Amino acid sequence: MNESSFTELTTVVAPPATPYLGDGSWDGLVEELGTALPAEYVALMKRYGGGSWLHFLYFYTPLRINRFLNRARNFAKGYVYQQELVIDAGATPMQVWPEPGGFLPFANDANAGTLGWVMTGPPDEWPLLLVSREHWDFPLPGGLVDTLLDWARGGRPVSEFPVLGGDDDLVQEAVFTPWDAGAAW
């Protein structure tokens with residue numbers, strides 16, 4: 001994880017005074033998932049918790065383990081079902097968690113897309129992928145913190161993310177809205 005990017009992100013997008021993580025433990029989540037998670041994700045969650053990034057990305061509350069796992073399971077079921085309906089001859093759908101090398105979601109977007117990792121190699125090297133509601137894959141360049149920072153500054157990591165800036169006031173748009181214990185996420 002790039003520490004300077006993380007520090008800059010906390011300057012550009014103010015973190016909450018008390019991030020909401022849920023009532024579970026990191027060890028419990030790792031045990032249930034069957035894998036460690038990327039260090040930058042864990043650091044990001046410890047600083048921000050679950051919540052909404054820039055009114056568009058909705059990060060699951062990580063230590064609400066049943067909800068986190070249910071969202072991962074539901075994505076897997078839905079993706080597999082959708083692929084069975086539309087599979088083309090010769091097409092190979094991606095693997096999904098809990099399969100080795102599968103896609104593990106951790107956030108949704110306002111367009112019904114899903115953000116997650118492709119679990120290939122060590123967790124700190126997992127590539128980020130946005131899967132649109134149509135199940136088109138959009139690889140994100142770089143890591144999670146750098147992606148959020150670039151976007152909060154007015155960049156556009158992938159075409160599915162809204163463009164900030166121009167008519168938008170970046171100060172008003174580059175915000176994190178935390179979930180609390182009553183949130184569905």
Side-chain angles (χ1 to χ4, degrees), residues 1 19-22 24-87 92-148 151 157-162 176-179 183-185:
M1 177 175 70
Y20 180 67
L21 298 172
S25 70
W26 288 105
D27 289 340
L29 179 59
V30 166
E31 183 178 331
E32 290 292 325
L33 289 172
T35 183
L37 295 167
E40 78 170 340
Y41 169 79
V42 173
L44 186 72
M45 291 296 95
K46 286 180 177 179
R47 188 65 183 104
Y48 287 89
S52 169
W53 283 89
L54 290 65
H55 310 291
F56 183 76
L57 281 178
Y58 310 111
F59 279 56
Y60 312 156
T61 302
L63 302 183
R64 290 184 91 171
I65 296 171
N66 288 337
R67 288 194 182 171
F68 189 102
L69 292 171
N70 285 340
R71 289 189 180 280
R73 287 183 185 113
N74 289 340
F75 175 85
K77 287 178 190 174
Y79 182 83
V80 169
Y81 176 75
Q82 181 70 18
Q83 292 306 307
E84 289 171 354
L85 292 177
V86 299
I87 194 158
T92 305
M94 74 175 172
Q95 294 295 315
V96 291
W97 174 86
E99 298 297 321
F103 177 77
L104 176 61
F106 63 86
N108 292 103
D109 72 26
N111 295 330
T114 304
L115 180 63
W117 304 281
V118 178
M119 302 184 310
T120 55
D124 290 335
E125 296 175 12
W126 291 348
L128 287 170
L129 184 70
L130 180 68
V131 179
S132 73
R133 69 174 163 236
E134 296 85 11
H135 296 272
W136 297 333
D137 301 346
F138 297 91
L140 281 93
L144 181 58
V145 169
D146 285 333
T147 296
L148 292 171
W151 186 34
V158 293
S159 62
E160 296 296 295
F161 281 27
F176 177 80
T177 306
W179 306 138
W185 294 89

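Fair warning: this is a prediction, and the values are worked out from it, not measured in the lab. FYI, the numbering just counts along the sequence from 1.
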_Pairwise side-chain contact, L57 with L148, heavy-atom cut-off 4.5 Å (strictly under)_ = yes
_Restricting to non-hydrogen atoms, name the atom on G121 and the atom on W126 that form the minimum distance, rounded to 0.1 Å._
O-NE1, 3.0 Å
*asked:* Tell me if the aromatic rings of W117 and Y41 count as close, with their centers under 6.0 Å from one another.
replied: yes
*Aromatic rings F176 and Y48: how do their planes relate, parallel, tilted or perpendicular, breaks at 30° and 60°?*
perpendicular
*asked:* If I compare all heavy atoms of P139 with all of L129, which pair ends up nearest, and what's the gap?
replied: N-CD1, 3.5 Å
*Search all heavy atoms of M119 against all heavy atoms of T35 and return the closest pair with its distance.*
SD-CG2, 4.2 Å
*Give a yes or no on whether the backbone of A39 and the side-chain of D124 come within a donor-acceptor separation of less than 3.5 Å.*
yes
*Under a 4.5 Å cut-off applied to non-hydrogen side-chain atoms, are R71 and T114 in contact?*
no
*At their closest point, which heavy atom of L115 faces which heavy atom of L140, and how far apart are they?*
CD1-CD1, 3.8 Å
*Identify the two heavy atoms, one from L33 and one from W97, that lie closest to each other, and give their separation to 0.1 Å.*
O-NE1, 3.1 Å
_Quick check: closest heavy atoms across M45 and P19, and the distance to 0.1 Å?_
O-CB, 4.2 Å
*Quick check: does any side chain N or O of T61 sit under 3.5 Å from a backbone N or O of R64, one acting as donor and the other as acceptor?*
no
*Side chain E32, main chain L69, donor-acceptor under 3.5 Å*: no
*Give a yes or no on whether the backbone of N111 and the side-chain of D109 come within a donor-acceptor separation of less than 3.5 Å.*
yes
*Is there a donor-acceptor contact under 3.5 Å from the side chain of W179 to the main chain of Y60?*
no
*Would you confirm whether Q95, through its side chain, and G101, through its main-chain N or O, come within 3.5 Å as a donor-acceptor pair?*
no
*Do F103 and F75 touch side chain to side chain, with heavy atoms closer than 4.5 Å?*
yes
*Among T147, D146, V118, whose side chain to side chain contact (heavy atoms under 4.5 Å, CB included) with L128 holds?*
T147
*Check whether any side-chain heavy atom of W53 sits under 4.5 Å from a side-chain heavy atom of L44, and report yes or no.*
yes
*Would you check, one step at a time, whether the test ring pair (Phe, Tyr, Trp, His ring centres under 6.0 Å) holds for F68 with F106?*
CA-CA 7 Å; F68 189 102; F106 63 86; 8.0 Å; no
